[in-house]
Participant: 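For reference, the structure I am asking about is given below.
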Amino acid sequence: MTLISVILAFVLMVAMASHPQVLSQQEEEGKKLEGERSKAQVQGDIGKLDEVLAPEFMELNTAGQIRTKRENIEGHKSGEVHWEKFDLDELSVRVYGETAVVSGRLTRKGTFAGRDLSGQSRYTRYYVRRQGRWQAIFQHSVPAN
């Protein structure tokens with residue numbers, strides 16, 4: 001009985017020790033993806049946005065608008081959307097199999113159709129992994145200030 005207890009305790013310790021490394025790697029991957037998306041917003045990098053946003057992507061933004069991937073990308077193409085700053089912090093990443101949930105705070109400076117959209121918001125973005133890469137499917141934002 002004692003040998004079995006020792007073996008089970010050892011297996012449990014190994015599992016617990018390796019678990020944070022897996023979560024840390026997934027968290028870093030999610031944070032990197034968020035950083036790339038943020039950078040693409042400021043640079044108006046339509047190619048990167050097209051890659052990161054799933055075809056069915058929808059967002060509910062702080063203005064209460066529902067915007068699709070197409071509307072998001074068209075806003076950059078037309079110049080209707082212009083970001084000078086799109087800084088993220090307080091990021092939290094949770095991975096559930098092929099789904100990831102990222103939440104954080106966004107500090108932004110920019111305009112939409114000439115209207116100032118500068119400020120802070122809190123958001124949650126949902127990703128799915130398809131063919132080895134993550135794509136955003138939904139985002140919800142609320143004002144933080």
Side-chain angles (χ1 to χ4, degrees), residues 5 7-145:
S5 298
I7 292 171
L8 287 175
F10 177 75
V11 169
L12 183 59
M13 286 181 0
V14 169
M16 289 174 59
S18 65
H19 188 66
Q21 294 169 354
V22 171
L23 288 179
S24 178
Q25 180 183 356
Q26 291 172 338
E27 183 176 70
E28 288 305 315
E29 190 177 319
K31 287 179 179 181
K32 180 182 176 197
L33 184 59
E34 283 294 284
E36 290 173 358
R37 184 181 177 281
S38 177
K39 184 177 177 182
Q41 290 282 75
V42 172
Q43 294 177 343
D45 185 344
I46 294 163
K48 185 63 176 179
L49 292 173
D50 186 48
E51 177 186 318
V52 172
L53 302 178
E56 70 274 22
F57 175 79
M58 288 181 52
E59 74 174 75
L60 178 55
N61 63 27
T62 57
Q65 300 169 318
I66 296 175
R67 292 176 41 90
T68 64
K69 173 182 180 171
R70 184 185 58 77
E71 291 168 324
N72 217 288
I73 290 176
E74 286 299 319
H76 284 283
K77 280 184 181 177
S78 69
E80 181 180 50
V81 174
H82 176 72
W83 297 112
E84 296 173 38
K85 178 180 177 179
F86 215 79
D87 295 341
L88 306 174
D89 65 359
E90 298 183 20
L91 290 178
S92 170
V93 179
R94 300 283 186 256
V95 178
Y96 306 95
E98 300 298 308
T99 304
V101 180
V102 178
S103 60
R105 183 174 60 180
L106 166 66
T107 302
R108 66 193 181 285
K109 179 175 176 145
T111 58
F112 176 79
R115 195 176 99 214
D116 183 23
L117 289 183
S118 301
Q120 285 190 336
S121 59
R122 297 226 176 250
Y123 72 94
T124 303
R125 190 174 354 269
Y126 302 85
Y127 288 91
V128 293
R129 186 177 4 221
R130 295 178 175 149
Q131 299 173 340
R133 68 182 177 134
W134 292 103
Q135 288 191 304
I137 58 170
F138 184 76
Q139 173 186 322
H140 179 256
S141 303
V142 295
N145 43 354

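Keep in mind it's a predicted model, so treat the numbers as computed, not measured.
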Participant: Within this structure, what is the CH2-CG distance for the pair Trp134 and Leu33, rounded to the nearest 0.5 Å?
Facilitator: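 One gets 9.0 Å once the value is rounded to the nearest 0.5 Å.
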Participant: Answer yes when Glu34 and Lys31 have at least one side-chain N-carboxylate O distance shorter than 4.0 Å, and no when they do not.
Facilitator: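 So Glu34 does not pair with Lys31 through a salt bridge.
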Participant: Any donor-acceptor pair under 3.5 Å linking the side chain of Arg133 with the backbone of Glu51?
Facilitator: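 Such a contact is found between Arg133 side chain and Glu51 backbone.
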Participant: Start with the C-alpha gap between Lys39 and Asp45, add the side-chain angles, then the distance that decides, and say whether side-chain contact (heavy atoms from CB on, under 4.5 Å) holds.
Facilitator: CA-CA 8 Å; Lys39 184 177 177 182; Asp45 185 344; over 6 Å; no
Participant: Just jot down the side-chain hydrogen bond (donor to acceptor under 3.5 Å, both in side chains) partners of Thr107, sequence neighbours excluded, or say none.
Facilitator: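 With neighbours one apart ignored, the set is Gln120.
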Participant: Given 3.5 Å as the limit, does a donor-acceptor pair link the side chain of Glu71 with the main chain of Thr68, or not?
Facilitator: yes
Participant: Identify whether the distance between the nearest side-chain nitrogen and carboxylate oxygen of Lys32 and Glu29 falls below 4.0 Å.
Facilitator: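 Here Lys32 does not pair with Glu29 in a salt bridge, since their nearest N and O are not under 4.0 Å apart.
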Participant: Between Phe57 and Ile137, is any pair of side-chain heavy atoms under 4.5 Å apart?
Facilitator: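 Sidechains of Ile137 and Phe57: no contact.
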Participant: For Val93 and Val95, what are the C-alpha separation, side-chain angles and deciding distance, and is it a side-chain contact (heavy atoms from CB on, under 4.5 Å)?
Facilitator: CA-CA 7 Å; Val93 179; Val95 178; 4.2 Å; yes
Participant: Considering all heavy atoms of both residues, which atom of Leu88 and which atom of Ser38 are nearest to each other, and what is their separation?
Facilitator: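 In this case the closest contact between Leu88 and Ser38 is CD1-CB, 3.9 Å.
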Participant: Do you know which of Arg37, Gln139, Met58, Gln135 makes side chain to side chain contact (heavy atoms under 4.5 Å, CB included) with Leu53?
Facilitator: Arg37
Participant: When you look at Phe112 and Glu80, which way does the side-chain contact (heavy atoms from CB on, under 4.5 Å) test go after all the steps?
Facilitator: CA-CA 6 Å; Phe112 176 79; Glu80 181 180 50; 3.7 Å; yes
Participant: Applying side-chain hydrogen bond (donor to acceptor under 3.5 Å, both in side chains), name anything that partners Asp50, two or more places apart in sequence or on another chain.
Facilitator: Lys69
Participant: Are more than 12 heavy atoms from other residues, nucleotides or ligands located less than 6.0 Å from atom CZ of Arg94?
Facilitator: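 It does not: Arg94 CZ has 12 such atoms or fewer within range.
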Participant: Can you confirm whether more than 12 heavy atoms, excluding those of Arg129, are under 6.0 Å from its CZ atom?
Facilitator: yes
Participant: Quick test of your reading: applying salt bridge (charged side-chain N to carboxylate O under 4.0 Å, His left out), list the pairs with at least one residue in residues 112-123, sequence neighbours left out, ordered by first then second residue.
Facilitator: Glu90-Arg122
Participant: Quick check: does any side chain N or O of Arg108 sit under 3.5 Å from a backbone N or O of Trp83, one acting as donor and the other as acceptor?
Facilitator: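 Not a single qualifying donor-acceptor pair exists.
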Participant: Working to the nearest 0.5 Å, report the span between NZ of Lys77 and CG of Asn72.
Facilitator: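 Interatomic distance, Lys77 NZ to Asn72 CG, rounded to 0.5 Å: 12.0 Å.
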